[in-house]
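All values below come from the heavy atoms of this structure, side chains included, with hydrogens, waters and symmetry mates left out. Quick note: residue numbers are just sequence positions, from 1. Given the structure is predicted, the values throughout are model-derived calculations rather than measurements.
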Amino acid sequence: MITLTLKDGKELMLEAGLSVYDIAGRLSEGLQRNALAALVDGGLSDLRAVLDKDASLEILTFNDEGGKWTLRHTAAHLLAQAVLNLYPGTLLAIGPAIDDGFYYDFEFAKPLTADELPAIEDEMKRLAKTGMKPKRYALSRADALESVKNEPYKTELITDLPEGEEISFYEQGGFTDLCAGPHVMDTKAVKAVKLTSVAGAYWRGSEKNKMLTRIYGTAYTKQADLDAYLERLEEAKKRDHRKLGRELSLFAMLDEGQGFPFWLPNGLILKNILTDYWRGVHKRENYMEISTPLMLDANLWDVSGHRKSFGEKNMYATKIDDYEYFMKPMNCPGGILIYKQDLHSYREFPLRIGELGIVHRHEKSGTLHGLIRVRSFTQDDAHIYITPDQIKDEVKHVMGLMDEIYGTFGFTYKLELSTRPENSVGTDEMWENATNALRETLEETGKVYKVNEGDGAFYGPKIDYHLTDAIGRTFQCGTIQLDFNLPERFGMEYVAPDGSKQRPAMIHRTIYGALERFLGLLIEHYAGQFPLWLSPVQAIVLPISDKFLSYARSVENRLNAEGFRVETDRRQEKIGYKIREARNRRIPYILVVGEAEEAANTVSLRSREGDEGAQAADAVISRMRDEVKEKR
């Protein structure tokens, strides 16, 4: 007999030698019917896996990330199988599951177009319905290389694997692929599939390698869920911040500065509003603001560890008087130098120092994406210096600040505790203490979180905030990082109550993350319909004809006097055209004025709620004032 510890902590005693699939049936027929994979001792596994010793066990359905991943991994194999059926001789590269779907990279004999995707998709569906049962087998290195001798990309992958390991393959319906798995029990589980796009992709992500054809797709266990996802994709296209950025004249991305945003007047207004809001909240919370240079001596980045962590290829370098300098990819080393200008006392702690610092990173051209991935951006950093016994309280304080700011924009979030990466610096003790402190703080606050193993910063573990936008997409933005390493590397000190000099602990945190990226997310989150307090133009006055320009200007002046951002459309255009254009610009308040309005000292109001008719100008101003104050 073996003992299995289930997700809820309950223990189940069963005879050894049962497959996970059989065990799922013992638990529930419904669970067995919907099961796609399992976590066995924390590792993702096939349902075919046979358990012959005590283990922890979690059966995964499509509601679990591991279940989604397994189904979509199988769909990627169906894609490769369909392509080979339709285009014999095509070379296979790799085909992983990814967030929201999967892809597979191919080398076709001739270019593939998007018009050919429906035929491939139909072949995938046909194959899935045949009910193939993926089967794993392993070969020695020599036999594995022999089996893929006509597949150069698979040969390269096997050659790079460690010596002595057996090589894993999966076979389904006569199609075989190099693969570690896992896969679903039966391809009939892939009930809904859609190929979404085709693109170019360099082999292994290097522009030095051959350009391959990448086919993207997604898969679900229910057609209704796929239909809902495709609707979200269409909505996402409408909300694309690059499209809206052009339409609303917010920013431009130009060939003369690839990856470096050009802010247009309306976009700069929006950026400045976010900056002013950030400054107001941080001043209230006793943060001091600093500014550090854009470039600093190369040796500084050796001391901090950033040069090794980021790699010189990802940092912009220059020389001044024969000394090597790097554009800063992060703000923290400059902030540490400012800290070291004075000898600090424990009485100053927590010492909160913020910086809206411009940083530069040499992103590859193929990864650039509007404001979401740029080469220069403003990081809303803060570095907080504390004594070890202040860690939990200060992390909780930062978490409260996160809740306030994200709540203002209508974002919800999920949390991840990201732990020590392979390229870390520092001692085991430092990492254990820092990770435990963050974990205990999360548990004390009752926050739900998951552990993201190995994804911490190179100097310390972190709590990552993954924001959910208005259409359900998630984006990693804010982070709280606990660092014992950089204080040690830079010899930072403070005077303790007993007069001795001690090392401070250091919290790195950012809320917007990158201001540019956050703005891109906001544009899509609101679909360009910014709340009044954020709108670059809050109101526009539309005179019916030139006869009412004087009254229109008086209304504009009253709004200006209240501090609102307002325009008057003085063009000799029909009023219907002016209204349509103002709506296309997503201006929250449209104030039409003519003879009746001038006589009654009113405006004809069109808001996002619709046509509201004649309103007293003072009433509209009062309403707008309350809306801005409350950041509704």
>> Could you go through H306 and F458, starting from their C-alpha distance and side-chain angles, then the distance that decides it, and tell me whether this counts as ring-ring contact (aromatic ring centres under 6.0 Å, His included)?
In response: CA-CA 9 Å; H306 287 88; F458 72 89; 5.1 Å; yes

To the nearest 0.5 Å, how far apart are [atom1] in [X] and [atom2] in [Y]?
X    : Y    : atom1 : atom2 : value
T187 : Q172 : OG1   : CD    : 6.5 Å
Y526 : L244 : OH    : CG    : 14.5 Å
L60  : L39  : CG    : CG    : 4.5 Å

> Taking only residues two or more places apart in sequence, or in another chain, which ones meet T159 in a side chain to side chain donor-acceptor pair (under 3.5 Å)?
Replying inline: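 Expected list: none.
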
Beyond-backbone contact of [X] with [Y], side-chain heavy atoms, under 4.5 angstrom:
X    : Y    : answer
I94  : Y153 : no
T213 : D105 : no
I372 : H369 : yes
L117 : D115 : no
E163 : R141 : yes
L270 : F251 : no
T113 : V198 : no
Y512 : L519 : no

> Looking at residues at least two apart in the chain, or sitting in another chain, which of them share a side chain to side chain contact (heavy atoms under 4.5 Å, CB included) with H508?
Replying inline: C332, H383, Y459, Q481, D483, L486, M506

>> So, using side chain to side chain contact (heavy atoms under 4.5 Å, CB included) as the criterion, who are the partners of E235 when residues are at least two apart?
In response: K238, R239, I471

Looking only at side chains, do [X] and [Y] share a donor and an acceptor under 3.5 Å apart?
X    : Y    : answer
R473 : T468 : no
E524 : H241 : yes
D380 : T510 : yes

Provide the full list of salt bridge (charged side-chain N to carboxylate O under 4.0 Å, His left out) pairs with a residue in [range], sequence neighbours left out, each pair given once.
range            : answer
residues 203-213 : E156-R204, D160-R204
residues 57-70   : K7-E58
residues 450-467 : E416-K450, K462-D464
residues 186-199 : E121-K194, K133-D186

> Given the rule in the side-chain hydrogen bond (donor to acceptor under 3.5 Å, both in side chains) test, do Y202 and K364 qualify, once you have shown the distances and angles that lead to the verdict?
Replying inline: CA-CA 12 Å; Y202 290 111; K364 294 180 179 178; over 6 Å; no

Exercise: identify the closest heavy-atom pair between [X] and [Y]:
X    : Y    : result
C477 : L467 : SG-CD1, 3.8 Å
A93  : L157 : O-CD1, 4.2 Å
T90  : L84  : O-CD2, 3.3 Å
A76  : Y104 : O-CD1, 3.4 Å
L36  : G67  : CD1-O, 3.5 Å
P261 : S376 : CD-O, 3.9 Å

Residues in ring-ring contact (aromatic ring centres under 6.0 Å, His included) with [X], at least two apart?
X    : answer
F262 : none
Y87  : F108
Y220 : F62, Y229
W69  : H73

[X] side chain vs [Y] backbone, donor-acceptor pair below 3.5 Å:
X    : Y    : value
R48  : H183 : yes
W431 : V425 : yes
T155 : E151 : yes
R214 : A199 : no
N209 : W203 : yes
Y170 : F175 : no
S56  : D41  : yes
T70  : D46  : no
Q32  : N34  : no
S45  : A38  : no

> Which of parallel (below 30°), tilted (30 to 60°) and perpendicular (above 60°) describes F260 and Y316?
Replying inline: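 Rings of F260 and Y316: tilted, as their planes differ by 30° to 60°.
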
> What do the steps show when you test R373 against E363 for salt bridge (charged side-chain N to carboxylate O under 4.0 Å, His left out), and what is the final call?
Replying inline: CA-CA 8 Å; R373 180 67 70 89; E363 303 286 357; 3.3 Å; yes

[X], [atom1] atom: more than 12 neighbouring heavy atoms under 6.0 Å:
X    : atom1 : answer
K243 : NZ    : yes
D122 : CG    : yes
E15  : CD    : yes

> Does the distance from a Lys or Arg side-chain N to an Asp or Glu carboxylate O, for E516 and K271, drop under 4.0 Å?
Replying inline: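 Between K271 and E516 there is a salt bridge, with a charged N closer than 4.0 Å to a carboxylate O.
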
> After noting the C-alpha distance and the side-chain angles of D227 and K222, does the key distance pass the salt bridge (charged side-chain N to carboxylate O under 4.0 Å, His left out) rule?
Replying inline: CA-CA 9 Å; D227 292 341; K222 298 177 182 176; over 6 Å; no

> Would Q81 and N85 count as a side-chain hydrogen bond (donor to acceptor under 3.5 Å, both in side chains) if you check the C-alpha gap in whole Å, the side-chain angles of each, and the deciding distance to 0.1 Å?
Replying inline: CA-CA 6 Å; Q81 188 175 4; N85 286 354; 5.6 Å; no

>> Please enumerate all residues that pass salt bridge (Lys or Arg N to Asp or Glu O under 4.0 Å) together with R242, with sequence neighbours excluded.
In response: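 Partners of R242 under the salt bridge (Lys or Arg N to Asp or Glu O under 4.0 Å) test: D240.
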
>> Which residue in the set F411, F409, F518 passes ring-ring contact (aromatic ring centres under 6.0 Å, His included) when paired with H525?
In response: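 Among F411, F409, F518, the one that satisfies the ring-ring contact (aromatic ring centres under 6.0 Å, His included) with H525 is F411.
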
